[in-house]
Amino acid sequence: MLEFIIQNNIVCHAVEAMLFASVACAILSVIITQVQISSIGFTMAHAAFAGAALGMFLSLNPTVCSIVAGVSVAFLIGPLSDKARLSPDTSLGLLFGICMAVAIFFIAYMQTLGQGFSAMGLLFGDVISLYREEVYLLAAICIVAIAFIVVLYKEITAIIFDKRIAESVGIRVKPVYYAMLFVIALTVALCLPIIGGLLLYVWLVTPAAIALQFCNRLSAMFVVAPTVAAVISISGALVGLEYSLPVAPLTAVLFAVVFIAGVLLSPRRRITFRKI
Amino acid sequence: MAPSDLIIRLENVYTAYEGADRPTLTDISLSVGKGEFVVIGGPNGAGKTTLLETINGTLPITHGKAIVCGQDVRGDGVQVRCRVGYLLQNFAFDPLTPFTVEEVVLMGRYGTIGLFRKPGKEDYEAVQKTLQLLGIEDLATRPIGQLSGGQQQKVLMAQNLARNPEVLLLDEPFSNLDMFAREEINRLLARLVRSGITVLIVSHAFDDLPDGPVRVVVMQEGTIVVSRECSPGEVEQVVRSAGKGASHA
């Protein structure tokens, strides 16, 4: 897609993948941070990680397995809290621990069997060995995330404002909320191979946290968060590949630097200081 | 009162919160006519808020029949909620909440606009009209989190009025308001009742209710112990004596 700008195929695929993954994750980061379901996103990322490890062990498609694991966890949280009489927070803690245990067990067991499996790609991401089909899938999930926001904008904004108020004004909150979790699970699973299970959380939270420093309106956050994430991710990919640095960790560090700069320069925070 | 004049009809209703061992409301029967002003009183934990949530269909009815605005609440609570305004209790928004007053009021019409549809010209006009009705049009572009508690309360009231409800359920609407704002809201409520809107209000402040006939409903331990008409000045006395009667029983 971007071959007319970047001639090197490996660099081109890496930049495209980072662009699509960062835009999709950044759009969803606005939902995750504003609905305050970041622990759900965190648990889903680790469920996808466990699913991919299990898929590799069973010689199944790791992407499909990670999608199934991420979606299953998203839909298990509610029933688990109700049936076991646990708070959602405790349910998430349990599921997170189980997911990590499953992932580590299969990775360790495969190494014991001498299958030469390296978990580094799943942990920290890998943008070098991408197939064209994988980039197309990321482009597709990016379009799905944008379409999801555009089509259900008023329902999503009302849920972000307050779930109880959204329900009281006549919005069917549950179906929209579960659709939200499904799109997050799908995005997490598809972005896992390039960003990695341990770093994915940075993409799912930081773009919105940066946008919140400068935006008074939610509509602005949905534009600023993906724009900032795209610029940071493309820069991370180009610099990382140019100087042979690990791309996903480098980009995660860049996100952190921009966030700190955002906090220091935020006009919203300055207003608060003056009020105090 | 003829059944056609009734806007709320509850018959032997039992309601339970999800996962609860026993019902929160037991054997509630209540009929409210169009344009009635109903004050719901009773001690904390009596089930006043639960009654409002049952009427607007957010809580599951385990037994009995509930008809609101001609629709069965058990069948489709969403349709009922599009015609019923519900001002929730105790809301305070974070200063960084990224919503302007105009956006919050527009949300009140989202249910009636319907899925996959964008707000139209008439929706924005309704928002402007409601902001003017409450005298907060100058706050339209301000972030809701940066307003005072009383102003936020008015914005949420505007949100509920923006969809032209037939019934207005208000849970402690005066809790964040100063005496001037209370008087203003009371005048507005009196005007709404005169225009045919039914108002049910949960409150512990009975000193400045709007003029005109009032129905008092007193609740104790999840059931209605008193339901009768009186003048606004008598409301506090009725609630107090019902409370004493229940404690002696």
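The structure displayed is predicted, hence computed values, not measured ones. Lettering follows sequence order; numbering is per chain, from 1.
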What part of [X] gets closer than 4.5 Å to chain A, counting heavy atoms only: side chain, backbone, both or neither?
X: B:L115; answer: both
X: B:L106; answer: neither
X: B:V104; answer: side chain

Is it true that A:K154 and B:E103 have a side-chain N and a carboxylate O under 4.0 angstrom from each other?
-> no
Choice from B:G114, B:P119, B:G57 maximising heavy atom contacts with chain A below 4.5 Å =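 With the most close heavy-atom pairs to chain A, the winner is B:G114.
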Structural part of A:L152 lying under 4.5 Å from a heavy atom of chain B |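 For A:L152, side-chain heavy atoms alone lie under 4.5 Å from chain B.
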Pairs satisfying ring-ring contact (aromatic ring centres under 6.0 Å, His included), at least one member in residues 101-147 of chain B, at least two apart |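 Passing the test, one end in residues 101-147 of chain B: no pairs.
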Are B:Q159 and B:Y86 close enough, and set up right, to give a side-chain hydrogen bond (donor to acceptor under 3.5 Å, both in side chains), and what steps lead you there?
-> CA-CA 9 Å; B:Q159 186 190 59; B:Y86 179 28; over 6 Å; no
Working to the nearest 0.5 Å, report the span between OG1 of B:T50 and CD1 of B:I28.
->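 Those atoms lie 9.5 Å apart.
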Classify the side-chain pair B:T15/B:T24 by whether it contains a donor and acceptor separated by less than 3.5 Å.
->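 No.
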